[in-house]
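FYI, side chains are in, hydrogens and waters are out, and symmetry mates aren't considered; it's all heavy atoms of this structure.
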Amino acid sequence: MERRQITITDYSKFLKNINRLKPLEKWDKTDVNKYILEKHNECLTVTVHLCKVKIKRFFTWAGKSEIVSHLNT
């Protein structure tokens, strides 16, 4: 599988998983912060960073950059 397809598959799985917590269209800044805080408590720093990048890219793409503009990636 080529790199681009692996990236698409990875993002798709990630977004499906966080969508189970709450539908993505209903997420706000509080939900983003809560998710990142939970990840800090259960994952390695590098994993938390990757989650931030994926969340920021998705919500920026979705036209909701205001809810992730505070994330440092």
Side-chain angles (χ1 to χ4, degrees):
M1 197 178 321
E2 67 178 85
R3 182 179 295 258
R4 186 173 76 173
Q5 187 58 45
I6 292 170
T7 300
I8 291 169
T9 301
D10 179 55
Y11 271 68
S12 178
K13 286 179 185 178
F14 175 79
L15 293 170
K16 285 177 184 175
N17 282 332
I18 66 172
N19 188 62
R20 288 186 191 124
L21 302 172
K22 181 177 181 178
L24 288 167
E25 62 272 5
K26 295 182 180 180
W27 277 52
D28 58 22
K29 197 173 193 175
T30 303
D31 297 310
V32 170
N33 290 338
K34 182 179 171 185
Y35 180 78
I36 297 300
L37 184 60
E38 288 174 7
K39 288 295 162 192
H40 271 291
N41 292 330
E42 54 189 54
C43 298
L44 296 172
T45 303
V46 68
T47 304
V48 174
H49 176 74
L50 290 172
C51 289
K52 285 182 183 180
V53 169
K54 291 173 187 177
I55 286 174
K56 192 164 186 173
R57 285 183 180 167
F58 172 75
F59 283 111
T60 300
W61 170 84
K64 294 181 157 188
S65 59
E66 69 279 357
I67 71 172
V68 291
S69 59
H70 64 289
L71 294 179
N72 296 324
T73 55

For this session: Could I get the full list of side-chain hydrogen bond (donor to acceptor under 3.5 Å, both in side chains) partners for Asn72, not counting sequence neighbours?
Result: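 If we apply the side-chain hydrogen bond (donor to acceptor under 3.5 Å, both in side chains) test to Asn72, skipping adjacent residues, there are no hits.
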Problem set entry | Those residues that, when tested against Asp31, pass side-chain hydrogen bond (donor to acceptor under 3.5 Å, both in side chains) (two or more places apart) |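 Once residues adjacent in sequence are excluded, the partners of Asp31 under the side-chain hydrogen bond (donor to acceptor under 3.5 Å, both in side chains) criterion are Lys22.
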For this session: Would you please name every residue forming a side-chain contact (heavy atoms from CB on, under 4.5 Å) with Asn33, sequence neighbours left out?
Result: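 Asn33 satisfies side-chain contact (heavy atoms from CB on, under 4.5 Å) with Lys29, His70 only.
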Exercise. Who pairs with Lys56 by side-chain contact (heavy atoms from CB on, under 4.5 Å), at least two apart in sequence or on another chain?
Worked result: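 For Lys56 the side-chain contact (heavy atoms from CB on, under 4.5 Å) partners, ignoring immediate neighbours, are Thr60, Val68, Leu71, Thr73.
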For this session: Grab the two heavy atoms, one from Trp27 and one from Ile18, that are nearest each other, plus how far apart they are.
Result: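 Nearest heavy atoms, Trp27 then Ile18: CZ2-O, 3.5 Å.
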For this session: Provide the closest heavy-atom pair for Asn19 versus Leu24 in the form atom of the first, atom of the second, distance.
Result: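 Shortest heavy-atom contact: OD1-N, 2.8 Å.
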Quick one: side chains of residues 36-50, donor-acceptor pairs under 3.5 Å with protein atoms, not counting sequence neighbours, listed by atom name and distance.
| from | atom 1 | to | atom 2 | distance (Å) |
| --- | --- | --- | --- | --- |
| Lys39 | NZ | Glu42 | OE2 | 3.2 |
| Asn41 | ND2 | Leu37 | O | 3.4 |

For this session: Output the distance between atom NZ (Lys64) and atom CD1 (Ile55), rounded to the nearest 0.5 Å.
Result: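 Spacing of NZ (Lys64) from CD1 (Ile55) equals 13.0 Å.
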Return all side-chain donor-acceptor pairs below 3.5 angstrom for residues 1-10, not counting sequence neighbours, or 'none' if the list is empty.
| from | atom 1 | to | atom 2 | distance (Å) |
| --- | --- | --- | --- | --- |
| Gln5 | NE2 | Thr9 | OG1 | 3.4 |
| Thr7 | OG1 | Arg3 | O | 3.1 |
| Thr9 | OG1 | Gln5 | O | 2.9 |
| Asp10 | OD1 | Lys54 | NZ | 3.4 |
| Asp10 | OD2 | Lys54 | NZ | 2.7 |

For this session: Could you work out the complete set of other residues in the hydrophobic cluster of Tyr11, with links drawn between I, L, V, M, F, W and Y side chains under 4.5 Å apart?
Result: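 Its cluster mates, by chain and number, are Val53.
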Exercise. Is there a side-chain contact between Tyr35 and Cys51, using heavy atoms and a 4.5 Å cut-off?
Worked result: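 With C-beta onward as the side chain, the pair touches.
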